[in-house]
Novice: 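Before anything else, here's the structure in question.
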Amino acid sequence: MNIQHWHAHGRVLLATLLVAGSFILSARLAPVAPPASLTLLRFVLAAALLLPWVLYRRERRGQLWRALPRGLLISLFFSLFFILMFEALHTTTALNTGALFTLVPALTGVAGIWLLGSRLTTVQGFSYLLGMLGALWVIFEGSPARLLTLQLNPGDQLFLLAVLSMCAYSISMKLLYRNDPVAVLTCATLLGGAFWMGLIIWLTGTPLQWQALARPDWLAMIYLVVFATLTSGYLFQGGSITLGPQRVMAYTYLNPAMVALLLWLLDGEPVAARLWPGILLSCLATWWLQRHAAGRRSAAIPQAGR
């Protein structure tokens, strides 16, 4: 593995850590203000930071104008994910949401077979199965009885809908992508998300309650905007160019381990021993997908030179 690939893996690993942190901080913000209000604030702040760079050049302004209708549709699913996440975190934990988030690659892969005509290899299917088993282990705390009776708490049930929204977001991104620069499409999606959130708040009369955010809450929101939204997106994009989307997606399965690590470092909160087998299964799914993707890449290099 060359130095470029090591750097790419490092960027994606850092991005995964930043996303894991967002589950913890979102859980702290959830009781402070309504979900739609928090999501609107996140989109507005992120768009305000990105928009000047996009508008600086004429060609990017034209690209943004053309991308806005597609960004409006993509952002509908993106917005639903964040609303449901904030609402779910009232009655579930950051670790549970991090574990359930690992279902996104498998559900997106299955949906892609019908909607995009993509193919699912045996190794991919096995890796997705490992990741799902790891997530289920964490959610049901290693209890077969709870699994068989599907005893999900209300927050877990809501976040499952959020996971489906994220799958729809991923599929819509693939269907509506027109070789747009990443910053332009991201900005269009953020502006669309702000529109949907503003519309929901206006129609429902939801109070913003931004004045209720104390200084730690604003610091948490700044983290969500700068690191979990803009920085992680940039790092994931850079990693995808070097490693390919499959290897980048594999890092999703590290979310439970990353959340558990951050909870221990930030709050001194130990992870129950019964949850570790599920976390290790998720890590194994990451390793398996990485190994398979690396093998396919190295096997393709000689063929490209023929």
Novice: I'd like to know if the side chain of Thr102 and the backbone of Tyr253 have a donor-acceptor N/O pair within less than 3.5 Å.
Specialist: no

Novice: Give the minimum heavy-atom separation between Leu107 and Cys167, together with the two atoms involved.
Specialist: CB-SG, 3.4 Å

Novice: Determine, using ring centers only, whether Phe43 and Phe82 are less than 6.0 Å apart.
Specialist: yes

Novice: Any side-chain heavy atom of Phe77 within less than 4.5 Å of one from Met166?
Specialist: no

Novice: Check whether any side-chain N or O of His90 sits under 3.5 Å from a backbone N or O of Glu87 as a donor-acceptor pair, and report yes or no.
Specialist: yes

Novice: Can you see which heavy atom on Val271 is nearest to which on Ala260, and at what distance?
Specialist: CG2-CB, 3.3 Å

Novice: Can you name the closest pair of heavy atoms from Ala47 and Pro52 and give their distance?
Specialist: O-CD, 4.4 Å

Novice: Give the ring-plane orientation class for Tyr169 versus Phe78, where under 30° counts as parallel, over 60° as perpendicular and anything between as tilted.
Specialist: parallel

Novice: Taking the side chain as C-beta and beyond, is there a heavy-atom pair between Phe81 and Val163 under 4.5 Å?
Specialist: no

Novice: Treating Trp218 as the side-chain partner and Leu213 as the backbone partner, does any N or O pair qualify as donor plus acceptor under 3.5 Å?
Specialist: yes

Novice: With heavy-atom distances below 4.5 Å as the criterion, would you say the side chains of Leu64 and Cys187 are in contact?
Specialist: yes

Novice: Taking the side chain as every heavy atom from C-beta outward, state whether Thr39 and Arg42 have any pair of such atoms under 4.5 Å apart.
Specialist: no

Novice: Any side-chain heavy atom of Ile83 sitting closer than 4.5 Å to one from Met197?
Specialist: yes

Novice: CZ of Arg178: more than 12 outside heavy atoms within 6.0 angstrom?
Specialist: yes

Novice: So Val19 and Asn255, do their side chains get closer than 4.5 Å, heavy atoms only?
Specialist: yes

Novice: Salt bridge between Asp180 and Arg60, side-chain N to carboxylate O under 4.0 Å?
Specialist: no

Novice: Are more than 12 heavy atoms from other residues, nucleotides or ligands located less than 6.0 Å from atom OH of Tyr234?
Specialist: no

Novice: Donor-acceptor pair, distance only, cut-off 3.5 Å: does the side chain of Trp196 make one with the backbone of Leu191?
Specialist: no

Novice: Shortest non-hydrogen contact from Leu160 to Leu152?
Specialist: CD1-CD1, 3.5 Å

Novice: Can a donor-acceptor pair be found, under 3.5 Å and without considering hydrogens, that links the side chain of Arg61 to the backbone of Leu55?
Specialist: yes

Novice: Identify the heavy atoms of Gln209 and Pro34 that sit nearest to each other, and give their distance.
Specialist: OE1-CD, 3.5 Å

Novice: Examine the side chains of Asn153 and Thr91 and answer whether a donor and an acceptor come within less than 3.5 Å of each other.
Specialist: no

Novice: Do Thr186 and Val54 have side chains that get closer than 4.5 Å, going by heavy atoms?
Specialist: no

Novice: Quick check: closest heavy atoms across Leu224 and Thr229, and the distance to 0.1 Å?
Specialist: O-OG1, 2.7 Å

